[in-house]
Amino acid sequence: MARKILVTAALPYASGQIHLGNLLEMVQTDIWVRYQRHSGADCTFVCATDAHGTPTMLKAREEGVSPEEYAESCRAAHVRDFEAFGIRFDNFYTTHSPENRELVERIYARLVERGYIHARTIQQAYDEEAGMFLPDRYVRGQCPSCGAEDQYGDSCTACGATYAPSELVNPRSILSGRPPVTRESEHKFFKLGEFESLLKTWMQASNLDRGARNKLAEWFKEGLKDWDITRDEPYFGFEVPGETGKYFYVWLDAPVGYMASFRNLCGPGEDGDSRFQRYFGPDSDAELYHFIGKDILYFHALFWPAVLLGAGMRTPSGVFVHGFLTVDGMKMSKSRGTFITAADYLAAGLDPEYLRYYYAAKLGSGLDDIDLQLDDFAARINSDLVGKLVNIASRCASFVQRGFGNRLGPRLHDPALYEEFVAQREQIGKHYESRSYGKAMRAIMALADRANVWINEQKPWELTKNPKRQDELQAIVTQGINLFRVLMTYIAPVLPQISSKAEAFLRSELNWNEVDEPLLGESIAEFKPLAGRISLKTLKALVETNRGQAAAEVEHSEPIDIDDFLRTDLRVAKIIKAERVAGANRLLRLTLDDGGKGRTVFAGIAGAYAPSILVGRKVVLVANLKPRKMRFGVSEGMVLAAGEGESRVFLLSPDEGAEPGMRVR
RNA sequence: GGUGAUGUAGCUCAGCUGGUUAGAGCGGCGGACUCAUAACCCGCAGGUCGGUGGUUCAAGCCCACCCAUCACCA
């Protein structure tokens, strides 16, 4: 009996654009789902746009449309982006749906019935001009703890203190800019604390990573507090039945949105209902897994199972938590150009399959962050995917075509080797199952290495000259093609496009459970390159373009703390020598006195400065910039200048008295 | 501040319940081959496994402290 599995990925929020971080999760989930389907499980994958909440309401207002219309346009954009990356949902719905409303109301009614809801009056910041209560993030002011300016209402980015918005010094609403007043409001609370022991039991029984368990244990230790599940109008969401002007908090209806998306997929009427019940009924034997980022573990491993337990429904079989994506070792940032959206990636002409492979190669089961390094990215695609894997088909195909009219031979030359490849299926499957895709990729690439070595040893190119050994030659290249076929089958969950191209080439389906049967005696299609190389230049250009756009919106640049800034070692330096660089019309080679041994820096300022007027001038130098090898030599730093480039470049210089080597801060 | 995670060759990472000379891929250098998308193959160089102290016959792996990085704090 095939496993029945329902999988979800975290709901992307309406107002956000899909970026490489969202894609990390979607790709992780999609690979798992595809693997399950390949290996014979009945696996369903649903998701939705998280439509509700204050940000959606305000954005819609800004754009002069209804929140429904706005959320729908976001959903369309989400669908488009995910499709481009080969994410194969069975349903991508929205949380603003009739199914979701019905489920939320039903669950809430049960929680009320069983006494898990109580009312409490709270004090909350209120913007009188905007006429609404303010979420913590909509109040800014001075941190009560360290005095840092312009901090959010919930925590300080400078000192890390957490507090209530009312504690901020000189608070103001980011909507009207006026100081908020405090108003009372009655909210509904969910008694999370009553579920502590049930949650602990659930945690033991369910599939959670060690890291996630640790985190939960930490929260249990702190004690579980009641959860505020309502918001005041105006709000975009579902109204609480029996109340006026009260809405369910977006985080209550979002996870229910998983169910609602599935309910929608099941179809209307009783048939739909019974299918739905097979997955969500209390005696369901279906597995239910949520893929999420570590930032929303609290919601998925505490609130969500507790709500389900409270409503007498089944709980998730597991919650799979992944880390964040960093780019070149740092958080994605608009100003660094590393906040890359799905659309940016595609616009740069990069193949989505490559990102899928790269993520797969680096993903493990834990919640460690994944770093996207551009050089590493290019290297892995070019050497692993193209140089190793695809190359196997490429180097064998020419023989099959020229010598045998694209027909494979009736036998393999080395059946034992083929068996070894088949024998890896189980282990690789386990790696997929446990989400250790990195290990799976390594195992596959190790086999690809073996295949390439084997072909080298067989030297098929020497046999072409010997008419008596044509059968042997055909058996060798037939084996090569078959080894490729096995590997493509293994990697198919990661590379849907390339593997379907491989299927077209092999004129046969890649079937996980049938790799032990080699493809013999069949005729195959003419070989066409399955994947091309990428150049580092394209990748770098992607970041550069983004950075350029970011510069245009300075006011939105992300705040950094003083330590971030101090990592940049700025020094006063004096230009000793400045000379044009032959072959580069924008560069000047500057020899600098930096207070130490001196150094050489290439600066793109030739369009604006004649070398002669620079000598003796003092500038500001980025002293700890990694040396960069250029065609003309190594640049050991950077001099600071303002402007867009070409002739519009303006060097910064210190006032009189500053000496080379002085730190700038 | 509290808590958690991470720190292994230039880069990305493996290293099972502690056990012989610490591994792979990429990059670098040298060589070989020519079937293949300058791909593939062989060889070489590169690490006091963040630091200090401890437990042990034996520690990258266990313990303590410290340092650095990242994250979370509903």
Side-chain angles (χ1 to χ4, degrees), chain A residues 136 145-146 154-156 159-163 190 192 209-228 249 251 293-303 321 323-324 326 328-331 358 361-364 366-403 436 438-439 441-446 448-465 473 476-477 480 484 527-534 563 567 626:
Chain A
D136 294 353
S145 175
C146 73
D154 51 356
S155 65
C156 174
C159 72
T162 53
Y163 40 79
F190 172 67
L192 181 65
D209 192 69
R210 188 174 55 94
R213 278 173 205 275
N214 282 343
K215 205 73 203 166
L216 286 177
E218 203 181 300
W219 287 324
F220 283 128
K221 213 161 55 190
E222 287 169 26
L224 305 180
K225 290 179 199 151
D226 291 349
W227 181 35
D228 184 351
Y249 179 37
W251 262 113
K294 60 188 182 184
D295 52 330
I296 54 176
L297 180 63
Y298 202 92
F299 293 99
H300 286 79
L302 293 180
F303 289 146
V321 192
F324 293 143
T326 55
D328 279 336
M330 284 175 290
K331 241 190 214 182
Y358 187 71
K362 303 198 88 170
L363 272 168
L367 31 72
D368 301 333
D369 291 348
I370 296 280
D371 190 35
L372 170 67
Q373 295 218 334
L374 299 181
D375 319 31
D376 188 39
F377 183 62
R380 276 181 197 261
I381 299 311
N382 293 340
S383 66
D384 289 3
L385 220 48
V386 183
K388 283 182 186 172
L389 185 55
V390 168
N391 183 46
I392 299 168
S394 180
R395 64 192 305 200
C396 292
S398 57
F399 294 106
V400 182
Q401 189 183 338
R402 272 177 253 150
S436 305
K439 287 184 178 157
M441 295 308 105
R442 234 170 287 127
I444 292 169
M445 289 310 152
D449 282 342
R450 287 212 55 184
N452 277 310
V453 170
W454 183 82
I455 294 167
N456 266 52
E457 286 166 359
Q458 303 308 313
K459 303 191 181 14
W461 52 92
E462 288 183 359
L463 299 184
T464 50
K465 298 156 201 152
L473 172 59
I476 289 167
V477 294
F484 168 73
F527 180 78
K528 291 188 201 116
L530 301 171
R533 292 162 180 282
I534 49 177
D563 295 331
R567 274 213 294 277
K626 283 187 190 144

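Throughout, a chain's letter reflects where its sequence line sits, starting with A, and its residues are numbered from 1.
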For [X], answer base if it contacts any base atom (sugar-phosphate contacts may also be present), sugar-phosphate if it contacts only those atoms, and nothing otherwise; contact means non-hydrogen atoms under 4.0 Å.
| X | answer |
| --- | --- |
| A:N452 | sugar-phosphate |
| A:L530 | base |
| A:K215 | base |

Does A:Q373 make a side-chain N or O approach to OP1 or OP2 of B:rC11 shorter than 4.0 Å? no
With a cut-off of less than 4.0 Å, is there a side-chain N or O of A:K362 near OP1 or OP2 of B:rC13?
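Affirmative; the distance criterion is met.
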With the criterion being N/O to N/O and under 3.5 Å, what pairs connect the protein with nucleotides 23-28 of chain B, and how long is each?
from   : atom 1 : to     : atom 2 : distance (Å)
B:rG25 : O3'    : A:K388 : NZ     : 3.3

Angle between ring planes, A:H300 versus A:W251, binned at 30° and 60°: parallel, tilted or perpendicular? perpendicular
Would you call the rings of A:F190 and A:W227 parallel, tilted or perpendicular, taking 30° and 60° as the class edges?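 Judged by the thresholds at 30° and 60°, the geometry between A:F190 and A:W227 is perpendicular.
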Given [options], identify the nucleotide with an atom nearest to the side chain of [X].
| X | options | result |
| --- | --- | --- |
| A:P529 | B:rU37, B:rC35, B:rC41 | B:rU37 |
| A:R402 | B:rC41, B:rA36, B:rA5 | B:rA36 |
| A:N391 | B:rA5, B:rA36, B:rC70 | B:rA36 |

Please report the distance, rounded to the nearest Å, between CZ in A:F324 and P in B:rC70.
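It is 14 Å, rounded to the nearest whole Å.
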request  = Rounded to the nearest angstrom, tell me the gap between atom CG in A:D375 and atom P in B:rG10.
outcome  =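 Rounded to whole Å, this separation is 16 Å.
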Base-pair string, RNA chain B, Watson-Crick plus G-U, cut-off 3.5 Å on both distances, | for inter-strand, is (((((((..((((.....[...)))).((((.........)))).....(((((..]....)))))))))))).
Open item on the list: Apply the syn/anti split at 90° from 0 to B:rG46 and say which one it is.
Closed with: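 Judged by the O4'-C1' to base torsion, B:rG46 sits in syn, the angle falling within 90° of 0.
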Please tabulate, one pair per line, each protein N/O and nucleotide N/O from nucleotides 43-45 of chain B that are separated by under 3.5 Å, including the distance.
none

Check this for me: does any side-chain nitrogen of one of A:D371 and A:K362 sit under 4.0 Å from a carboxylate oxygen of the other?
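No salt bridge links A:D371 with A:K362.
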